[in-house]
Amino acid sequence: MMIEKFGSGLGRRDFLKFTALAGAAVAGVAAVGIRPTLADEDLPLKGKRIGISAAGTDHFFDLQAYNAQIEEVKRLGGEPIAVDAGRNDGKLVSQLQTLIGQKPDAIVQLLGTLSVIDPWLKKAGDAGIPVLTIDVGSTYSLNNSTSDNWGLGKDLALQLVSDIGGEGKIVVFNGFYGVTPCAIRYDQLVNVVKYFPKVEIIKPELRDVIPNTVQDAFTQVTAILNRYPDKGSIKAIWSAWDVPQLGATQALVAAGRTEIKTYGVDGSPEVLQLVADPKSPAAADVAQQPAELGRTAIRNVARLLSGEKLPRETYVPALLANKANVGEVTKKLGIG
(Lines give C-alpha, C1' and ligand atoms only; values in the text may rest on other atoms or scores of the structure.)
Protein backbone atom coordinates (compact mmCIF):
# COMPACT_ATOMS: atom_id res chain seq x y z
CA MET A 1 0.00 0.00 0.00
CA MET A 2 1.34 3.44 -0.91
CA ILE A 3 0.33 6.88 0.25
CA GLU A 4 -0.28 9.91 -1.88
CA LYS A 5 2.65 12.20 -1.18
CA PHE A 6 6.19 11.11 -0.41
CA GLY A 7 9.25 13.29 -0.19
CA SER A 8 12.11 13.02 -2.65
CA GLY A 9 13.73 9.62 -2.93
CA LEU A 10 10.72 7.47 -2.05
CA GLY A 11 8.49 8.05 -5.10
CA ARG A 12 4.94 9.41 -5.41
CA ARG A 13 1.59 7.68 -5.78
CA ASP A 14 -1.92 9.00 -5.77
CA PHE A 15 -3.43 7.91 -2.44
CA LEU A 16 -7.03 8.27 -3.50
CA LYS A 17 -6.46 6.07 -6.53
CA PHE A 18 -4.86 3.57 -4.18
CA THR A 19 -7.88 3.69 -1.90
CA ALA A 20 -10.21 2.86 -4.75
CA LEU A 21 -7.99 -0.05 -5.79
CA ALA A 22 -7.69 -1.29 -2.21
CA GLY A 23 -11.44 -1.11 -1.78
CA ALA A 24 -11.92 -3.10 -4.95
CA ALA A 25 -9.40 -5.67 -3.73
CA VAL A 26 -11.13 -6.05 -0.38
CA ALA A 27 -14.49 -6.37 -2.14
CA GLY A 28 -12.96 -9.01 -4.37
CA VAL A 29 -11.74 -11.02 -1.39
CA ALA A 30 -15.12 -10.71 0.29
CA ALA A 31 -16.81 -12.04 -2.81
CA VAL A 32 -15.03 -15.38 -2.56
CA GLY A 33 -17.46 -17.39 -0.50
CA ILE A 34 -17.88 -15.02 2.46
CA ARG A 35 -19.67 -11.97 1.11
CA PRO A 36 -23.02 -11.49 2.88
CA THR A 37 -26.02 -12.00 0.61
CA LEU A 38 -28.58 -9.69 2.21
CA ALA A 39 -28.73 -6.10 0.99
CA ASP A 40 -28.50 -3.47 3.73
CA GLU A 41 -32.14 -2.47 3.33
CA ASP A 42 -33.25 -6.08 3.81
CA LEU A 43 -31.43 -6.72 7.08
CA PRO A 44 -33.89 -7.60 9.87
CA LEU A 45 -33.54 -6.87 13.58
CA LYS A 46 -37.21 -6.61 14.44
CA GLY A 47 -37.85 -7.95 17.91
CA LYS A 48 -34.12 -8.29 18.64
CA ARG A 49 -32.37 -6.73 21.65
CA ILE A 50 -28.77 -5.75 20.91
CA GLY A 51 -26.28 -4.92 23.64
CA ILE A 52 -23.85 -2.10 22.77
CA SER A 53 -20.93 -1.73 25.17
CA ALA A 54 -18.46 1.15 24.79
CA ALA A 55 -15.21 1.61 26.68
CA GLY A 56 -15.88 5.35 26.47
CA THR A 57 -17.37 8.03 24.25
CA ASP A 58 -15.17 11.04 25.02
CA HIS A 59 -13.30 10.87 21.73
CA PHE A 60 -14.71 11.79 18.29
CA PHE A 61 -14.15 8.25 16.97
CA ASP A 62 -15.81 6.56 19.95
CA LEU A 63 -18.88 8.80 20.05
CA GLN A 64 -19.48 8.56 16.31
CA ALA A 65 -19.25 4.74 16.33
CA TYR A 66 -21.41 4.44 19.46
CA ASN A 67 -24.23 6.68 18.24
CA ALA A 68 -24.19 5.09 14.79
CA GLN A 69 -24.74 1.65 16.34
CA ILE A 70 -27.74 2.84 18.33
CA GLU A 71 -29.27 4.51 15.28
CA GLU A 72 -28.66 1.49 13.06
CA VAL A 73 -30.26 -0.94 15.52
CA LYS A 74 -33.34 1.27 15.62
CA ARG A 75 -33.37 1.67 11.83
CA LEU A 76 -33.40 -2.10 11.42
CA GLY A 77 -36.28 -2.46 13.90
CA GLY A 78 -34.35 -3.67 16.94
CA GLU A 79 -33.97 -2.42 20.51
CA PRO A 80 -30.50 -1.13 21.49
CA ILE A 81 -29.27 -1.66 25.06
CA ALA A 82 -26.41 0.86 25.04
CA VAL A 83 -23.96 1.37 27.90
CA ASP A 84 -20.87 3.61 28.18
CA ALA A 85 -18.09 2.84 30.69
CA GLY A 86 -16.65 6.35 30.63
CA ARG A 87 -13.07 5.04 30.37
CA ASN A 88 -13.37 3.18 33.66
CA ASP A 89 -12.26 -0.46 33.42
CA GLY A 90 -14.20 -1.44 36.54
CA LYS A 91 -17.36 0.04 35.10
CA LEU A 92 -16.66 -1.63 31.76
CA VAL A 93 -16.50 -5.04 33.42
CA SER A 94 -19.66 -4.29 35.41
CA GLN A 95 -21.61 -3.22 32.33
CA LEU A 96 -20.57 -6.37 30.46
CA GLN A 97 -21.74 -8.45 33.42
CA THR A 98 -25.05 -6.60 33.37
CA LEU A 99 -25.49 -7.08 29.63
CA ILE A 100 -24.79 -10.80 29.90
CA GLY A 101 -27.42 -11.02 32.64
CA GLN A 102 -29.97 -9.31 30.40
CA LYS A 103 -29.45 -12.01 27.74
CA PRO A 104 -29.66 -9.83 24.60
CA ASP A 105 -29.68 -11.44 21.18
CA ALA A 106 -26.11 -10.20 20.59
CA ILE A 107 -23.47 -7.92 22.13
CA VAL A 108 -21.17 -5.53 20.29
CA GLN A 109 -18.09 -4.31 22.18
CA LEU A 110 -16.59 -0.99 21.07
CA LEU A 111 -12.87 -0.76 21.94
CA GLY A 112 -11.35 -1.76 25.29
CA THR A 113 -8.14 -3.22 26.65
CA LEU A 114 -8.09 -6.88 25.68
CA SER A 115 -6.92 -8.20 29.05
CA VAL A 116 -9.87 -6.43 30.71
CA ILE A 117 -12.70 -7.37 28.39
CA ASP A 118 -11.64 -10.77 27.00
CA PRO A 119 -12.80 -12.87 29.98
CA TRP A 120 -16.24 -11.27 29.78
CA LEU A 121 -16.54 -11.63 26.04
CA LYS A 122 -15.82 -15.33 26.61
CA LYS A 123 -18.50 -15.49 29.31
CA ALA A 124 -21.00 -13.91 26.93
CA GLY A 125 -20.20 -16.50 24.28
CA ASP A 126 -20.42 -19.30 26.84
CA ALA A 127 -23.87 -17.98 27.76
CA GLY A 128 -24.96 -18.38 24.14
CA ILE A 129 -24.81 -14.66 23.31
CA PRO A 130 -23.07 -13.89 20.01
CA VAL A 131 -20.27 -11.34 20.47
CA LEU A 132 -19.11 -8.95 17.76
CA THR A 133 -16.60 -6.15 18.19
CA ILE A 134 -15.35 -2.86 16.80
CA ASP A 135 -11.56 -2.44 16.90
CA VAL A 136 -11.10 -5.35 19.32
CA GLY A 137 -8.90 -8.25 18.28
CA SER A 138 -10.50 -10.85 20.55
CA THR A 139 -10.58 -14.55 19.76
CA TYR A 140 -14.06 -14.58 21.31
CA SER A 141 -15.45 -12.14 18.74
CA LEU A 142 -17.31 -13.71 15.83
CA ASN A 143 -16.60 -10.64 13.69
CA ASN A 144 -14.53 -7.50 14.22
CA SER A 145 -15.38 -4.35 12.26
CA THR A 146 -12.21 -2.33 11.87
CA SER A 147 -9.95 -0.35 9.62
CA ASP A 148 -6.96 -2.09 8.05
CA ASN A 149 -4.60 -1.09 10.86
CA TRP A 150 -1.69 -2.93 9.28
CA GLY A 151 -2.03 -0.92 6.09
CA LEU A 152 -2.77 2.44 7.64
CA GLY A 153 -0.01 1.99 10.24
CA LYS A 154 2.52 1.26 7.54
CA ASP A 155 1.32 4.12 5.33
CA LEU A 156 1.50 6.64 8.17
CA ALA A 157 5.00 5.46 9.09
CA LEU A 158 6.16 5.76 5.48
CA GLN A 159 4.71 9.26 5.26
CA LEU A 160 6.61 10.25 8.41
CA VAL A 161 9.91 8.75 7.27
CA SER A 162 9.56 10.39 3.88
CA ASP A 163 8.75 13.80 5.34
CA ILE A 164 11.86 13.79 7.54
CA GLY A 165 14.12 12.64 4.70
CA GLY A 166 14.78 9.22 6.21
CA GLU A 167 16.80 10.43 9.17
CA GLY A 168 16.46 12.04 12.58
CA LYS A 169 15.08 11.46 16.06
CA ILE A 170 11.34 10.96 16.54
CA VAL A 171 9.15 11.06 19.64
CA VAL A 172 6.61 8.25 20.03
CA PHE A 173 3.56 8.01 22.28
CA ASN A 174 2.99 4.38 23.26
CA GLY A 175 0.59 4.25 26.19
CA PHE A 176 -2.07 1.84 24.93
CA TYR A 177 -0.29 -1.19 23.55
CA GLY A 178 -2.97 -3.38 25.15
CA VAL A 179 -5.53 -1.91 22.71
CA THR A 180 -5.24 -3.98 19.54
CA PRO A 181 -5.37 -1.22 16.87
CA CYS A 182 -2.81 0.88 18.78
CA ALA A 183 -0.50 -2.11 19.06
CA ILE A 184 -0.73 -2.89 15.35
CA ARG A 185 -0.05 0.73 14.37
CA TYR A 186 2.93 0.93 16.71
CA ASP A 187 4.35 -2.36 15.43
CA GLN A 188 4.04 -1.12 11.86
CA LEU A 189 5.93 2.05 12.76
CA VAL A 190 8.73 -0.03 14.26
CA ASN A 191 8.74 -2.35 11.24
CA VAL A 192 9.18 0.58 8.86
CA VAL A 193 11.76 2.43 10.96
CA LYS A 194 14.06 -0.59 11.20
CA TYR A 195 14.73 -0.24 7.46
CA PHE A 196 15.84 3.36 7.94
CA PRO A 197 18.86 3.11 10.28
CA LYS A 198 19.23 6.89 10.49
CA VAL A 199 15.78 7.21 12.08
CA GLU A 200 15.85 6.85 15.87
CA ILE A 201 12.92 6.53 18.29
CA ILE A 202 13.77 8.50 21.42
CA LYS A 203 13.71 6.39 24.59
CA PRO A 204 11.93 6.22 26.90
CA GLU A 205 8.78 6.50 24.79
CA LEU A 206 6.05 8.82 26.01
CA ARG A 207 2.87 7.38 27.58
CA ASP A 208 -0.38 8.96 26.46
CA VAL A 209 -3.18 8.87 29.02
CA ILE A 210 -6.97 9.06 29.33
CA PRO A 211 -8.52 11.39 30.46
CA ASN A 212 -6.81 14.79 30.00
CA THR A 213 -5.03 13.46 26.93
CA VAL A 214 -4.46 16.81 25.23
CA GLN A 215 -3.17 18.57 28.34
CA ASP A 216 -0.91 15.65 29.26
CA ALA A 217 0.55 15.41 25.76
CA PHE A 218 1.17 19.17 25.80
CA THR A 219 3.06 18.85 29.09
CA GLN A 220 5.12 15.84 28.02
CA VAL A 221 6.10 17.36 24.68
CA THR A 222 7.01 20.66 26.32
CA ALA A 223 9.31 18.75 28.69
CA ILE A 224 11.02 16.80 25.91
CA LEU A 225 11.54 19.99 23.89
CA ASN A 226 13.48 21.33 26.87
CA ARG A 227 15.70 18.23 26.68
CA TYR A 228 16.24 18.75 22.95
CA PRO A 229 16.32 22.55 22.57
CA ASP A 230 18.12 22.74 19.22
CA LYS A 231 16.12 22.91 16.02
CA GLY A 232 16.60 19.71 14.08
CA SER A 233 17.28 17.65 17.20
CA ILE A 234 13.75 16.21 16.91
CA LYS A 235 12.14 15.66 13.52
CA ALA A 236 8.67 14.25 14.25
CA ILE A 237 6.15 13.15 16.88
CA TRP A 238 3.99 10.04 16.32
CA SER A 239 0.92 8.78 18.18
CA ALA A 240 -1.37 5.80 17.58
CA TRP A 241 -4.43 8.09 17.72
CA ASP A 242 -4.81 11.78 17.12
CA VAL A 243 -5.80 13.28 20.47
CA PRO A 244 -2.17 13.12 21.70
CA GLN A 245 -1.24 14.56 18.31
CA LEU A 246 -3.47 17.54 19.06
CA GLY A 247 -1.71 18.23 22.38
CA ALA A 248 1.71 17.71 20.82
CA THR A 249 0.92 20.11 17.98
CA GLN A 250 -0.25 22.77 20.43
CA ALA A 251 2.98 22.36 22.44
CA LEU A 252 5.12 22.80 19.33
CA VAL A 253 3.30 25.98 18.35
CA ALA A 254 3.61 27.36 21.89
CA ALA A 255 7.35 26.64 21.94
CA GLY A 256 7.99 28.01 18.46
CA ARG A 257 9.17 24.57 17.26
CA THR A 258 6.89 24.21 14.26
CA GLU A 259 9.71 22.62 12.25
CA ILE A 260 8.80 19.37 14.03
CA LYS A 261 6.00 17.43 12.34
CA THR A 262 3.20 15.48 14.05
CA TYR A 263 1.36 12.33 12.95
CA GLY A 264 -1.69 10.44 14.22
CA VAL A 265 -4.74 8.33 13.42
CA ASP A 266 -8.52 8.79 13.55
CA GLY A 267 -9.48 11.89 11.57
CA SER A 268 -10.85 14.05 14.37
CA PRO A 269 -12.17 17.25 12.72
CA GLU A 270 -9.95 19.55 14.81
CA VAL A 271 -6.82 17.62 13.82
CA LEU A 272 -7.76 17.56 10.14
CA GLN A 273 -8.18 21.33 10.35
CA LEU A 274 -4.60 21.55 11.61
CA VAL A 275 -3.37 19.33 8.79
CA ALA A 276 -5.12 21.70 6.37
CA ASP A 277 -3.28 24.69 7.87
CA PRO A 278 -0.02 25.13 5.91
CA LYS A 279 1.63 26.75 8.94
CA SER A 280 0.70 23.97 11.37
CA PRO A 281 3.19 21.22 12.27
CA ALA A 282 0.39 18.63 11.96
CA ALA A 283 1.64 16.83 8.87
CA ALA A 284 -0.69 13.84 8.47
CA ASP A 285 -3.65 12.11 10.10
CA VAL A 286 -5.26 8.86 8.98
CA ALA A 287 -9.01 9.49 8.84
CA GLN A 288 -11.13 6.50 9.81
CA GLN A 289 -14.88 6.28 9.29
CA PRO A 290 -16.20 5.59 12.81
CA ALA A 291 -19.90 6.00 12.02
CA GLU A 292 -19.59 3.54 9.15
CA LEU A 293 -17.72 1.14 11.42
CA GLY A 294 -20.62 1.32 13.88
CA ARG A 295 -23.23 0.74 11.18
CA THR A 296 -21.20 -2.09 9.69
CA ALA A 297 -21.01 -3.90 13.04
CA ILE A 298 -24.78 -3.75 13.50
CA ARG A 299 -25.44 -4.88 9.94
CA ASN A 300 -23.15 -7.82 10.62
CA VAL A 301 -25.17 -8.62 13.75
CA ALA A 302 -28.30 -8.72 11.60
CA ARG A 303 -26.60 -10.92 9.03
CA LEU A 304 -25.38 -13.30 11.72
CA LEU A 305 -28.81 -13.57 13.34
CA SER A 306 -30.27 -14.23 9.88
CA GLY A 307 -28.02 -17.26 9.55
CA GLU A 308 -25.25 -15.84 7.39
CA LYS A 309 -21.61 -16.78 7.89
CA LEU A 310 -19.41 -13.78 8.63
CA PRO A 311 -15.73 -13.25 7.89
CA ARG A 312 -13.42 -12.94 10.89
CA GLU A 313 -12.94 -9.23 10.18
CA THR A 314 -14.78 -6.63 8.10
CA TYR A 315 -12.63 -3.74 6.92
CA VAL A 316 -13.93 -0.21 6.43
CA PRO A 317 -11.58 1.98 4.34
CA ALA A 318 -9.52 4.73 5.98
CA LEU A 319 -7.88 7.66 4.18
CA LEU A 320 -4.48 9.13 4.91
CA ALA A 321 -4.81 12.93 4.93
CA ASN A 322 -1.66 14.99 4.42
CA LYS A 323 -0.96 18.59 3.49
CA ALA A 324 -1.51 17.88 -0.20
CA ASN A 325 -4.80 15.96 -0.11
CA VAL A 326 -6.55 16.88 3.14
CA GLY A 327 -9.20 18.92 1.30
CA GLU A 328 -10.14 15.95 -0.87
CA VAL A 329 -10.19 13.58 2.11
CA THR A 330 -12.40 15.76 4.32
CA LYS A 331 -14.77 16.36 1.42
CA LYS A 332 -15.02 12.64 0.75
CA LEU A 333 -15.70 11.95 4.43
CA GLY A 334 -18.25 14.76 4.64
CA ILE A 335 -16.51 16.51 7.52
CA GLY A 336 -14.78 19.31 5.65
Side-chain angles (χ1 to χ4, degrees), residues 23 26 30 36 38-46 48-87 92 95-96 99 104-113 117 121 124 129-138 141-149 152 179-182 241-243 265-269 272 286-306 308 310-319 330 332-335:
V26 171
L38 287 176
D40 288 348
E41 60 271 17
D42 297 327
L43 294 171
L45 277 181
K46 186 175 181 180
K48 303 295 185 181
R49 298 161 59 247
I50 309 302
I52 298 169
S53 168
T57 57
D58 52 329
H59 180 212
F60 172 80
F61 176 96
D62 312 337
L63 185 60
Q64 291 283 307
Y66 181 73
N67 286 338
Q69 288 181 84
I70 294 170
E71 292 166 3
E72 191 70 358
V73 170
K74 291 177 179 178
R75 187 185 75 83
L76 297 178
E79 176 189 347
I81 309 171
V83 287
D84 172 12
R87 301 292 178 188
L92 178 55
Q95 74 186 25
L96 282 170
L99 281 177
D105 293 282
I107 292 175
V108 180
Q109 176 62 45
L110 169 62
L111 293 171
T113 301
I117 61 176
L121 301 185
I129 304 168
V131 174
L132 285 79
T133 51
I134 299 174
D135 265 358
V136 177
S138 172
S141 171
L142 299 176
N143 171 270
N144 183 42
S145 296
T146 186
S147 301
D148 176 5
N149 287 291
L152 71 84
V179 177
T180 305
C182 294
W241 52 310
D242 63 10
V243 177
V265 177
D266 274 337
S268 300
L272 291 177
V286 179
Q288 300 192 89
Q289 299 188 68
E292 186 58 27
L293 282 165
R295 288 188 288 267
T296 296
I298 297 305
R299 292 168 190 159
N300 281 342
V301 168
R303 290 186 168 103
L304 180 71
L305 296 180
S306 296
E308 291 194 22
L310 297 176
R312 179 64 184 81
E313 293 204 324
T314 300
Y315 295 108
V316 173
L319 304 175
T330 53
K332 182 170 184 177
L333 296 176
I335 57 177

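Remember, predicted model here, so these are calculated numbers, not experimental data.
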Please lay out, stage by stage, how I298 and R295 fare under the test side-chain contact (heavy atoms from CB on, under 4.5 Å). CA-CA 5 Å; I298 297 305; R295 288 188 288 267; 6.0 Å; no
Begin from the C-alpha positions of I117 and T113 and carry the test side-chain contact (heavy atoms from CB on, under 4.5 Å) through to its verdict. CA-CA 6 Å; I117 61 176; T113 301; over 6 Å; no
side-chain contact (heavy atoms from CB on, under 4.5 Å) between I52 and I81: does it pass, once the steps are laid out? CA-CA 6 Å; I52 298 169; I81 309 171; over 6 Å; no
Evaluate the side-chain contact (heavy atoms from CB on, under 4.5 Å) criterion for residues V265 and D242: first the C-alpha distance (whole Å), next the side-chain angles of each, then the deciding distance (0.1 Å), finally the verdict. CA-CA 5 Å; V265 177; D242 63 10; 5.9 Å; no
Between E79 and K48, does the salt bridge (charged side-chain N to carboxylate O under 4.0 Å, His left out) criterion hold? Intermediate values first, please. CA-CA 6 Å; E79 176 189 347; K48 303 295 185 181; over 6 Å; no
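The side chain to side chain donor-acceptor pair (under 3.5 Å) search around D135 returns T146, not counting sequence neighbours. Under the side chain to side chain contact (heavy atoms under 4.5 Å, CB included) criterion, V316 pairs with Q289, E292, L293, T296, not counting sequence neighbours. Contacts of Q64 classified as side chain to side chain donor-acceptor pair (under 3.5 Å), with partners at least two apart in sequence or in another chain: none. Among residues two or more places apart in sequence or in another chain, the side chain to side chain donor-acceptor pair (under 3.5 Å) test is passed with S147 by Q288. In this structure, the side chain to side chain contact (heavy atoms under 4.5 Å, CB included) partners of S138, at least two apart in sequence or on a different chain, are L114, D118, L121, V136, Y140, S141. Taking the side chain to side chain contact (heavy atoms under 4.5 Å, CB included) definition, one finds that L304 meets it with P130, L132, L142, L310, sequence neighbours left out. For S145, there are no side chain to side chain donor-acceptor pair (under 3.5 Å) partners, not counting sequence neighbours. Applying the side chain to side chain contact (heavy atoms under 4.5 Å, CB included) test to E71 and every residue at least two apart in sequence or in another chain returns N67.
Between A55 and A85, the shortest heavy-atom distance links the atoms O-CB, 3.6 Å. Here the closest non-hydrogen pair linking G267 and L272 is O-CD1, 3.6 Å. For A318 against V286, the heavy-atom pair with the smallest separation is CB-CG1, 3.9 Å. The shortest non-hydrogen separation linking G51 to L99 is CA-CD2, 4.0 Å. Looking at every heavy atom in both residues, A68 comes nearest to G294 through CB-CA, 4.4 Å. Contact detail for F61 and L110: the closest heavy-atom pair is CE2-CD1, 4.3 Å.
Residues I129 and P104 form a side-chain contact, since some pair of their non-hydrogen atoms from C-beta on lies under 4.5 Å apart. Considering only heavy atoms from C-beta on, L111 stays 4.5 Å or farther from I134 through its side chain. Under the 4.5 Å side-chain criterion, counting only non-hydrogen atoms from C-beta, D266 is not in contact with F60. Looking at V108 and S53, their side chains never come closer than 4.5 Å, going by heavy atoms from C-beta outward.
A distance-only check finds a donor-acceptor pair linking the side chain of N143 to the backbone of P311 [under 3.5 Å]. Side-chain atoms of D84 come within 3.5 Å of backbone N or O of G86 as a donor-acceptor pair. No donor-acceptor distance shorter than 3.5 angstrom exists from the side chain of D105 to the backbone of I50, with no hydrogens or angles considered.
Remark: of the listed residues Q69, R75, K74, R75 is the sole one forming a side-chain hydrogen bond (donor to acceptor under 3.5 Å, both in side chains) with E72.
For the residue pair Q109/T133, the side-chain donor-acceptor check at 3.5 Å is not satisfied. Side-chain N/O atoms of N144 and T314 include no donor and acceptor closer than 3.5 Å.
Taking CD of E313 as the reference point, atom CG of D148 lies at 9.0 Å (rounded to 0.5 Å).
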